[in-house]
Amino acid sequence: MIEAMDPGEWARLEAAVDEAVRKAAATEIMPRFRQLAQHEIVQKNGPHDLVTVADRLAEEQLTTALTALLPGSVVVGEEAVHADAGILAALEGEVPVWIVDPVDGTRQFVHGDPGFATLVALAHRGELLASWTYAPALDLMAVARRGGGAELGGRPLRCGPRPAGKVIDVAISHYDFTTAVEKAALSGLMTEGVAPRPCGSAGLEYLDVARGLLDAVAFSWENPWDHAAGLLLVAEAGGASGTVAGEPFRLAGGNALPFTAARDAETAAHILSLLTAVG
């Protein structure tokens with residue numbers, strides 16, 4: 001069983017995944033950064049929902065590499081699920097699952113903004129076991145292992161508590177991607193003592209929570225590839241998360257939304273109290 005791997009086996013797997021993620025970024029993503037031709041950019045569900053040739057090719061490379069590292073495992077990737085939503089069922093299956101977002105923050109990538117990331121998480125039976133958050137244009141790699149803590153660039157990563165009396169800086173679902181209903185659900189954060197702003201790359205927002213640069217995130221969508229890596233990263237850095245139903249976020253979906261992840265339990269509880277007070 002994957003959970004029974006000894007520390008040496010885990011270390012070797014972590015290093016191999018790190019290498020696979022960096023290689024995919026180096027070969028399929030970064031050569032196209034600020035070099036994309038118009039025909040290499042496609043709208044999926046609207047003008048703000050983009051996919052590029054880099055997304056597709058990086059996910060294909062990672063799918064091959066990750067399943068080879070862990071025989072019997074499968075991949076739930078953003079682009080594969082877009083083509084076949086049935087792939088999501090693997091999240092409730094019995095085999096280990098790699099959850100992959102090849103380019104998180106595709107809009108930033110398309111516009112030449114370095115604030116994008118490649119996200120990989122490993123889960124089994126709905127439980128997150130490890131995650132990798134890599135921002136190739138910023139040269140940042142954060143890794144987390146369940147029960148083993150979080151690291152950024154090989155150094156321990158801790159959120160740290162929010163300073164007493166500090167205004168809560170929170171990144172929320174971007175206005176361009178939210179419906180009127182979702183905006184209403186998040187409106188409880190438009191209050192004194194809270195400073196909400198639209199999010200960029202979800203993965204990098206989670207990273208900023210994990211390193212204490214951002215107090216919280218609050219999101220109204222639940223695609224697992226956007227959240228899996230970051231939720232484990234924040235948890236292992238000492239943070240907390242939850243949905244408005246008072247439950248943990250479920251990778252397989254069906255969550256009460258919005259949900260939050262924050263640098264400490266007190267901040268998470270306050271954010272949820274504001275969200276649940278709406279209506």
Side-chain angles (χ1 to χ4, degrees), residues 14-66 75-83 98-121 131-144 151-154 157 171 173-177 197-211 213-214 217 219 221 223-230 233:
E14 287 178 2
V17 176
D18 182 301
E19 181 180 357
V21 171
R22 291 178 186 273
K23 182 177 180 181
T27 59
E28 302 296 357
I29 299 173
M30 289 308 294
R32 296 179 171 90
F33 182 47
R34 298 174 178 162
Q35 302 294 326
L36 285 168
Q38 194 58 44
H39 71 273
E40 295 177 316
I41 307 167
V42 177
Q43 291 184 19
K44 290 196 287 189
N45 299 308
H48 301 298
D49 188 9
L50 305 175
V51 64
T52 74
V53 64
D55 297 69
R56 293 195 177 105
L57 293 178
E59 183 169 307
E60 289 173 8
Q61 182 172 321
L62 283 167
T63 296
T64 299
L66 296 173
V75 171
V76 170
E78 177 176 10
E79 304 314 322
V81 171
H82 180 69
W98 300 98
I99 304 169
V100 175
D101 191 341
V103 182
D104 178 62
T106 299
R107 183 164 67 168
Q108 284 80 7
F109 178 69
V110 166
H111 291 142
D113 183 332
F116 61 90
T118 298
L119 309 177
V120 173
S131 76
W132 295 258
T133 298
Y134 182 46
L138 302 174
D139 192 28
L140 297 173
M141 173 67 85
V143 181
E151 296 182 345
L152 175 62
L157 189 62
S173 300
H174 197 287
Y175 307 135
D176 290 343
F177 294 86
R197 61 161 175 80
C199 73
S201 155
L204 295 187
E205 303 290 12
Y206 281 112
L207 175 56
D208 278 351
V209 174
R211 55 183 177 163
L213 300 181
L214 179 67
V217 295
F219 294 136
W221 84 97
N223 296 333
W225 47 84
D226 289 317
H227 305 301
L233 185 65

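In this chain, residues are counted from 1 in sequence order. In this text, all values refer to a predicted model and were calculated from it rather than measured experimentally.
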- Message: Within this structure, what is the CG-CD distance for the pair D55 and E60, rounded to the nearest 0.5 Å?
- Response: 11.0 Å

- For the atom pair CD1 (I29) and CD (E59), what is the distance rounded to the nearest 0.5 Å? 10.5 Å

Whether the [X] and [Y] side chains hold a donor-acceptor pair (N or O, under 3.5 Å, no angle test) is what I'd like checked.
X	Y	result
T118	D101	no
S201	Q108	no
W221	D226	yes

Donor-acceptor pair, side chain of [X] and main chain of [Y], under 3.5 angstrom:
X	Y	answer
S131	A121	no
W98	L66	yes
E78	W225	no
D104	A202	yes
H111	R107	yes

- Query: Which atom pair, heavy atoms only, marks the closest approach of L204 to G115?
  - Reply: CD1-C, 3.6 Å

- is_close_aromatic(F116, Y134), centroid dist under 6.0 Å: no

- Task: Before accepting this row, confirm whether a basic side-chain N of the pair E28/R32 lies closer than 4.0 Å to the acidic partner's carboxylate O.
- Result: yes

- Task: Using a strict cut-off of less than 4.0 Å between a Lys/Arg side-chain nitrogen and an Asp/Glu carboxylate oxygen, indicate whether R197 and E205 qualify as a salt bridge.
- Result: yes

